[in-house]
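A quick write-up on the structure given underneath.
Here the structure is a predicted model, which is why all the values come from computation and not from measurement. Side-chain atoms are counted along with the backbone in the values below, which use heavy atoms only and exclude waters and symmetry mates. One-based numbering, in listed order, for ligands and for the atoms of each.
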Amino acid sequence: MSFDAHALANAATRGLRAYDPGHDLPVLRTRFGTGLCELGSNENSHGPSPAALAAIESALPDIFRYPDPKGAALKVALAAHLDCAENEITLGNGSHELLMLIAQCFADAEHEVLFSQFGFAVFPIATQAAGARAVCVPALPRVHATMPFGHDLATMAAQLSENTRLVYLANPNNPTGTWFGDAELLAFLQRVPAHVLVVVDEAYHEFVTVPELSSALRFVPQFPNLIVTRTFSKAYALAGLRIGYARSSAAVAGVLECLRESFNVNAFALAAAQAALADQAHVAKVRTAIANERDWLTQQLRVLDLFVFPSQTNFVLVDFARDAAVIEKSLFERAVVVRPMGGYGLPQCLRISIGIRAENQAFLDALTAALAA
Ligand SMILES: *Cc1c(COP(=O)(O)O)cnc(C)c1O
């Protein structure tokens, strides 16, 4: 019997490839031990609020029980934090799951999904998995005065059609670090017809320090087709637990609830997220530290004559003006992990997460050595 599992997979799945983590981190950890400097995944080296860790411990004895399928206690806390109603919130196993869920609920083979070139990698995957047609809109030019490779919202608005069903925006964006302001978003939303949903992925929201960008949340009451996603993985430093949320109109949340797996968010994640949310002093401390390190690292890299993209996130994208694969390999031989960008069509770039000062210094030392070699 000749059995071909791939040929039997549905058309959407056949078009997908398994996630490539870039490096085998468990192997690297064994090789380098505590000397490994991990700046490849935009994690938050400051760690979570101690209150979040205590909440996980408190939840341990009840591990034999299913988690609350509605996540009611966390939704009450989030609703208060976001100043919205509980039925406008959808919880996800990371915001990645929510980005996929949104496409599964709203996109299909008859419709198009719009996103920007150099936008977040999950957007094309969610589109493909839903069997929808992807429309990838060219990013702003590399030589753009203020926002190189940023989302081109005017061109995206011009590409909206009868067939468009969904638009994914990331603000600030990963992997470019670029952003657009509230006024620009509002102008875009005003051009979006009612048969199109707009997702604004705000995974890096807490790291924003520029005044022109607050949050798309303020526009949700005015635009029932707007969905804002956030995560506990970055500023809250709970990436290992997998929890994120979406805020939308209650109507959109109601649709998402139909397909959401009943126990998609585990009990530890629910408890830890609630405790982490209550500790805004911790978030503020992290935010200040990251912003300071972001400025410092950017300046150090510019001293090395490298092009650093403007960033409002906890990472910087750096253009080495030559194939960066050699530099990347040389860095990880020196126990520093950063993210190669070939998969994004940016082979001359590397994305470096902002760590604590010791990590950022270790990266700079390794980079200086790698560039000299
Ligand atoms: C890291 C990241 C996320 C967060 O993913 P989680 O699944 O919540 O860990 C979402 N969007 C973007 C753009 C990201 O970079």
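Close contacts between ligand 1 and A203 involve ligand atoms 2 (C), 3 (C), 10 (C), 11 (N), 12 (C), 14 (C) [criterion: under 4.0 Å to a heavy atom]. Near R242, with a cut-off below 4.0 Å to any heavy atom, the atoms of ligand 1 are 6 (P), 7 (O), 9 (O). Near G94, meaning under 4.0 Å from any of its heavy atoms, are these atoms of ligand 1: 6 (P), 7 (O), 8 (O).
L101 contributes atom CG, which lies 8.0 Å from atom CG of N264 (distance to the nearest 0.5 angstrom).
Across the listed options T231, V122, L241, L238, T231 owns the non-hydrogen atom lying nearest to atom 8 (O) of ligand 1.
Ranking the protein heavy atoms by distance from atom 11 (N) of ligand 1 puts D201 OD2, 2.5 Å first. Annotation: atom 14 (C) of ligand 1 to nearest protein heavy atom, K234 NZ, 3.1 Å. Distance from atom 9 (O) of ligand 1 to its nearest protein heavy atom, with residue and atom name: S233 OG, 2.6 Å.
With respect to the salt-bridge test (charged N to carboxylate O, under 4.0 angstrom), the residues D319 and R142 qualify. Salt bridge status for E38 with R29: present, with a side-chain N to carboxylate O gap under 4.0 Å.
Considering backbone and side-chain N/O of E97, none are found under 3.5 Å from N/O of ligand 1. Polar contact check, N174 against ligand 1: a nitrogen or oxygen pair lies under 3.5 Å apart.
Heavy atoms of G244 stay at 4.0 angstrom or farther from ligand 1. The closest approach between a heavy atom of N42 and any atom of ligand 1 is not below 4.0 Å. Look at Y204 and you'll find a heavy atom under 4.0 Å from some atom of ligand 1.
The six-membered or imidazole ring of F149 lies near that of F309, with a centre-to-centre distance under 6.0 Å. Annotation: Y204 is in aromatic contact with F315 [ring centroid separation under 6.0 Å].
Using cut-offs of 30° and 60° for the angle between ring planes, the F123 and F115 rings count as tilted. Using cut-offs of 30° and 60° for the angle between ring planes, the Y245 and F232 rings count as tilted.
Residue contacts with ligand 1 for S95 involve both N, CA, C or O and side-chain atoms from C-beta outward (heavy atoms, distance under 4.0 Å).
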Apply side-chain hydrogen bond (donor to acceptor under 3.5 Å, both in side chains) to E88 and S248, showing your working. CA-CA 5 Å; E88 296 171 336; S248 63; over 6 Å; no

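Side-chain contact annotation: R247 with T90, donor-acceptor N/O pair under 3.5 Å absent.
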